[in-house]
Visitor: 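Quick one: structure below, then a few questions.
Sequence positions, counted from 1, serve as the residue numbers for this chain.
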Amino acid sequence: MSSNFANPSASLPSPQRSHRSRRTRRAARTAALALGLALTATLTGCTAGPRPPAAAGPTVSGSASASASAPTAAAADSRERLTVDGGTREYLVHRSAADGAGPRPLLIAFHGRGADAENLRKQSGLDRAAEARGMLVVYPEAVGKAWGAGTAPSAQRPDPNADVRFTEALVAELVRTGRADPHRVYVAGFSNGGSMALRMAAQRPDLVAGAASVSGELPTGAAAVKPTGPVPVLIVYGAEDPVRPLAGLPSPGPAGPGEEPITATMSARASAEAFAAAGGAGDPAEEGKPGYDSVTWRPGPAGATVRLLVMHGAGHTWPGSAVPPPAGFGPVSTALDASSTVLDFLSAGRR
């Protein structure tokens, strides 16, 4: 205690002063302990109050931790976990600090095969594009760095529907916690992640208000995925893609030792046509643009537009990306910024 404060016990006889001093010290220690416990509860998220009820559907529980680069004046980032059907999955969350509280339009962004959430985040620059549009972006992590974009089981993926259920549970958790608007849920992805986004749109048109795929096509053959309802869909593809060609990959080669088999896919145009047919869209309108060709299927009664953009001379890459692609993936188109193009397209959709 500062010597500038008066001591009211100074005039008491010596034994009484000693007794009062011990009581004062005990009280101070008790108060300090109570304060420490309160601070610990605040910092660790422990609270005596009841937790919110669990989301309906699969058994789900979640936890969160701030990332090393997280809250700044511009944005708040976190890496979170979700337990679905007994397994724990991780995902990155990016939200602009300027957005404030309340549900936001949600974008689920699936990374490519062999990559991870942080890789897509850097490659695409979706964070910046989403902040400009007030959107919440979530980058889920795939099991084994590959998504179950097709419907066929494999030795590595005996349950081909697990990623669909995980995505449904992830959306439900973000809606339950008040962060996502259930009427504005969008999916996008790159390569295998783009095919996963198309699968979600095809099989869950009641959940997804729009989907975009960059360098990803609909699975075909034994793993075929067929659209079941109207959903706005945008497919962006490199005309010279050497990894998963524009014309499709009906007979993929063998995967590496121990790796999950590569899923066969139809062409990018056939993928778009499948969604156009499911939505009752009209005839396509084709237009040449500087650096790419655009094909748009006029929306049917449900108002679901389907569009295919084919980038001239581009490879298996994300148009407008500043991150150099891996060797053998081909060049990056600079004719447009895929992230802004994707989000502008998706933002018009609402369930």
Side-chain angles (χ1 to χ4, degrees), residues 105 107-110 149-150 183-191 193-220 224-241 244-250 264-312 314 318-320 333 335-351:
L107 175 69
I108 303 289
F110 301 101
H183 302 291
R184 294 181 291 174
V185 175
Y186 314 109
V187 289
F190 175 72
S191 190
S195 293
M196 185 66 207
L198 294 180
R199 181 179 184 184
M200 290 303 303
Q203 296 188 323
R204 297 295 183 271
D206 56 334
L207 175 69
V208 174
S213 172
V214 178
S215 300
E217 300 157 320
L218 272 176
T220 189
V225 172
K226 298 180 180 180
T228 58
V231 178
V233 169
L234 171 65
I235 298 176
V236 182
Y237 227 89
E240 308 300 327
D241 190 327
R244 192 167 288 273
L246 178 67
L249 194 65
T265 57
M266 62 179 68
S267 72
R269 177 144 189 159
S271 299
E273 288 173 340
F275 281 101
D283 294 334
E286 307 197 21
E287 185 178 5
K289 301 278 190 177
Y292 65 96
D293 294 322
S294 172
V295 186
T296 302
W297 284 262
R298 297 177 181 86
T305 299
V306 177
R307 183 169 296 149
L308 170 65
L309 305 180
V310 178
M311 315 306 298
H312 299 168
W318 189 280
S333 172
L336 54 77
D337 176 354
S339 294
S340 293
T341 301
V342 162
L343 296 192
D344 283 346
F345 178 87
L346 294 178
S347 296
R350 185 182 179 94
R351 267 196 324 105

Visitor: What's the spacing between Phe275 CZ and Leu234 CG if we round to 0.5 Å?
Guide: 11.5 Å
Visitor: If you take all heavy atoms of Ala239 and Val310, which pair is closest and at what distance?
Guide: CB-CG1, 3.7 Å
Visitor: Do side-chain atoms of Arg199 reach the backbone of Gly150 as a donor and acceptor pair under 3.5 angstrom?
Guide: yes
Visitor: CG of Leu246 to CE of Met311: how many Å apart, nearest 0.5 Å?
Guide: 12.0 Å
Visitor: Might you point out which heavy atoms bring Val231 and Ala209 nearest each other, and give the distance in Å?
Guide: CG1-C, 4.5 Å
Visitor: Compare all side-chain heavy atoms of Glu286 with those of Asp293 and state whether any distance is below 4.5 angstrom.
Guide: no
Visitor: Let me check something: any side-chain donor-acceptor pairs from residues 296-308 under 3.5 Å, sequence neighbours excluded? List them with distances.
Guide:
residue	atom	partner	partner atom	Å
Thr296	OG1	Arg307	NE	3.0
Arg298	NH1	Asp283	O	2.8

Visitor: Can you name the closest pair of heavy atoms from Pro230 and Pro205 and give their distance?
Guide: O-CB, 4.3 Å
Visitor: Nearest heavy-atom pair of Tyr186 and Ser347: which atoms, and what distance?
Guide: OH-O, 3.8 Å
Visitor: Are any of the side-chain heavy atoms of Val208 and Arg351 separated by less than 4.5 Å?
Guide: no
Visitor: Can a donor-acceptor pair be found between the side chains of Trp318 and Ser215 at a distance below 3.5 Å?
Guide: no
Visitor: State, with a plain yes or no, whether a side-chain heavy atom of Val225 is found less than 4.5 Å away from one of Leu218.
Guide: yes
Visitor: How many angstroms lie between OG in Ser271 and CD1 in Ile235, if you round to the nearest 0.5 Å?
Guide: 5.0 Å
Visitor: Search all heavy atoms of Leu346 against all heavy atoms of Ala211 and return the closest pair with its distance.
Guide: CD2-N, 3.3 Å
Visitor: With rounding to the nearest 0.5 angstrom, report the CG to CD distance, Leu198 to Gln203.
Guide: 11.5 Å
Visitor: Distance check, rounded to the nearest 0.5 Å: Ser191 atom OG versus Glu217 atom CD?
Guide: 9.5 Å
Visitor: Mind listing the closest non-hydrogen atom pair of Ser195 and Ala149 along with its distance?
Guide: CB-CB, 3.7 Å
